[in-house]
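Only one structure is covered here, and it is reproduced in the block below.
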Amino acid sequence: MRTIQEIIAIVKDSSSWLLYRRAEREIQKFKQDQRGLFNTKMKVAVLSSFTAGPLKDYLVVEAAKEGIDAEIYMSGFGQVSPEILNQESGLYAFEPDVTIIVATADSFAHNPFDAVEELIKLSAVRQERGTGILVVNTFMALPDWPLHLLETDRHAELKKANDKLRETFSNNYQVQICDLDTLAAYYGYANALSPQMQAMAHIPFSEGFLVLLAKKFVSYLKAQAGLVRKCLVLDCDNTLWGGIIGEDGMDGIALGPDWPGREFVDFQKAILELYQQGVILAINSKNNYADVTQVLREHPHMILKEEHFAGICVNWNSKPDNMKTLADEINIGLDSFVFIDDNPAERQMMRQMLPEVEVLELSDNPALYAKSLRETNFFAKASLTEEDKKRGQIYAAQRRRNQLQQSAATLEDYLKSLEMVCSIRAAEEKDVKRAAQLTQRTNQFNLTARRYTETEIQHMIADSNWNVYVLGLRDKFGDNGTVGLALLEKHQDVWRVDTFLMSCRVIGRQVEEAFVNRICFDAVNTSVKRLGAEYIRTKKNILVSDFWGKMNFSKDRSDENTTYYHYDLDNYTSGTFEHLKFE
Amino acid sequence: MTTHEKLEKIFQDAFGTEKLTDDMSIDTIEGWDSMAHVALIMTLQKEFNITISPAQAIELIDVASIKQLLDTSHC
């Protein structure tokens, strides 16, 4: 019996459909015998206007590479409309987590405007009736006349139709628009299409483009399953700049507007784009600390500055050891990290010692570093919240907080000096994205680790049987944004704490006590008798195993992974929190 | 690598077969279905740097006919 790694190795770097097809078959056999080995299972429906058989093969293999067991439902050839319109269709019976519609404009109508209206109508019907999220692909431009001189309207029309599609669903959490046309343009239209596969089997796309398309779809699966990484950890010498700072000095390293040096500036610009999307940055380098910080502070061509980094681990320890230090300092799990190092030996060591850390297989050529990074999906998020945009800053501020904590004499002094202001309020529409994201991404301080989609959160906010609380916190180093979430299911006399979580970055600042206190306060004021709570053990939330006990909840019973608690609100006395101001 | 060896390797990778014999066909090899057939044609074109027309593709349903095509294509 082959291992899943051996099966994935069948395709290596090839785009051959024949090999992907073989690998797909092997994965199906593998699943029959040892289904438990995948971490995540997802049901994916693909509705397409062409033969989607190859897409299934590519999708299953690319998902398996990411540890996802993708069970695929395929519509018949050209069966997009019937599958969606017929309530008895296989699509609805399958109850997919993700539904992907990929169709050509001419499969719906002669002109792209009518086609897009039809696609919008179908998407709305599917969303009303079906489960999970919907990924709708834009229409791809048709074969063109590259050397002709007269401009046709076709591209402009298609682009307008695609814009219409995007605008229609821009504020819809459940419908994601996948820009197939832009993806095909990136790959090159001429190479993305395969006239021969089209002629033989109604498959419009080339093998190479099918790989890219499958990877793109897997990005949606990863985002939906919460498998997105959070932090990029960088080596310095020959990664952020050319040369070795300890030997070549500030003036000797390659970093500037011209070669050699330009390639590193371009790489840093790509990293800065990630930072602006909320990726946390850190440094893990074997160097003298002072040498590296001097470059960060003083080199005129550094795009990345000291203020961008949430952790700077520069010493002569092993890099896996430093990685563990960074995980503690930044307070995120090792499986949130992506590591970049130009040295293959360091990469190999990281993979062996800390397999949870994702390691980028960097090109040997620094001019291709940025391309290597840009073509990954480690950080591919389905939506961007205000918190995301600020996250890099928030974590970098945390590094300064930690410095303050080390210099403060006592914890009391430290908490006082932070000048914290806390807000606890009922969630509104604007909080939906962030609330869902918190359930999907918070692992350590998460009592039940229940994951919710944006749609589910939206329903809870609208449902009078639920209370959805969000907690915000700012201090003298900046605004941490929304960092706490509680979901309460309300019964006559009892409120059940379905979810209680806090972002790791504010743990240990007595905010969690204030949060519980506020929930009790509200419950008492609506004459509720008791709170029910659970702790569901996962691999990662051992930190809070006794949280309810510490909050004076009484333990009722335990089964396999769950401990049940309750709190009699007769016992409630309002708490005081002298280091916190409330607003 | 001879044409035979190269073809044998392609079939091994694609279908998990062992020794390649002329009498193997779409009826005897598990997994060589209509979709795999299109995939096989694309691979043969790429690996042997030849063009296979749809009319030829329909005929290539056993190892003997594939070999015959490759021989006449001077591979």
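Residue numbering restarts at 1 for every chain, and letters A, B, ... go by the order of the sequence lines.
Glu18(B) CD: 12 or fewer foreign heavy atoms inside a 6.0 Å radius. Summarising the local packing, CG of Asp364(A) is surrounded by 12 or fewer heavy atoms from other residues, nucleotides or ligands at distances under 6.0 Å. The environment of CD in Glu6(A) is crowded: more than 12 heavy-atom neighbours from other residues, nucleotides or ligands sit within 6.0 Å.
Contact of Ile58(B) with chain A is not made at all, since no heavy-atom distance falls under 4.5 Å. Contacts of Ser14(A) with chain B are absent, with no heavy-atom separation under 4.5 Å from either backbone or side chain.
Residues satisfying the side-chain hydrogen bond (donor to acceptor under 3.5 Å, both in side chains) test with Arg374(A), not counting sequence neighbours, are Glu273(A). With sequence neighbours left out, the salt bridge (Lys or Arg N to Asp or Glu O under 4.0 Å) criterion links Lys67(B) to Asp22(B).
Taking chain B as the reference chain and counting heavy-atom pairs below 4.5 Å, the highest number among Gln196(A), Glu26(A), Arg25(A) is found for Gln196(A). Chain A forms the most heavy-atom pairs under 4.5 Å with one residue out of Pro54(B), Ser53(B), Ala36(B), and that residue is Ala36(B).
Between Phe50(A) and Phe205(A), a ring centre-to-centre spacing shorter than 6.0 Å is recorded.
Within residues 27-35 of chain B, the residues that have a heavy atom under 4.5 Å from a heavy atom of chain A are Asp33(B), Met35(B), listed by number.
With Phe94(A) as the aromatic partner, Lys43(A) meets the cation-pi criteria of under 6.0 angstrom to the ring centre and within 45 degrees of the ring axis.
Applying the side-chain hydrogen bond (donor to acceptor under 3.5 Å, both in side chains) test to every pair with at least one member in residues 198-213 of chain A, sequence neighbours left out, gives these pairs: Glu207(A)-Lys46(B).
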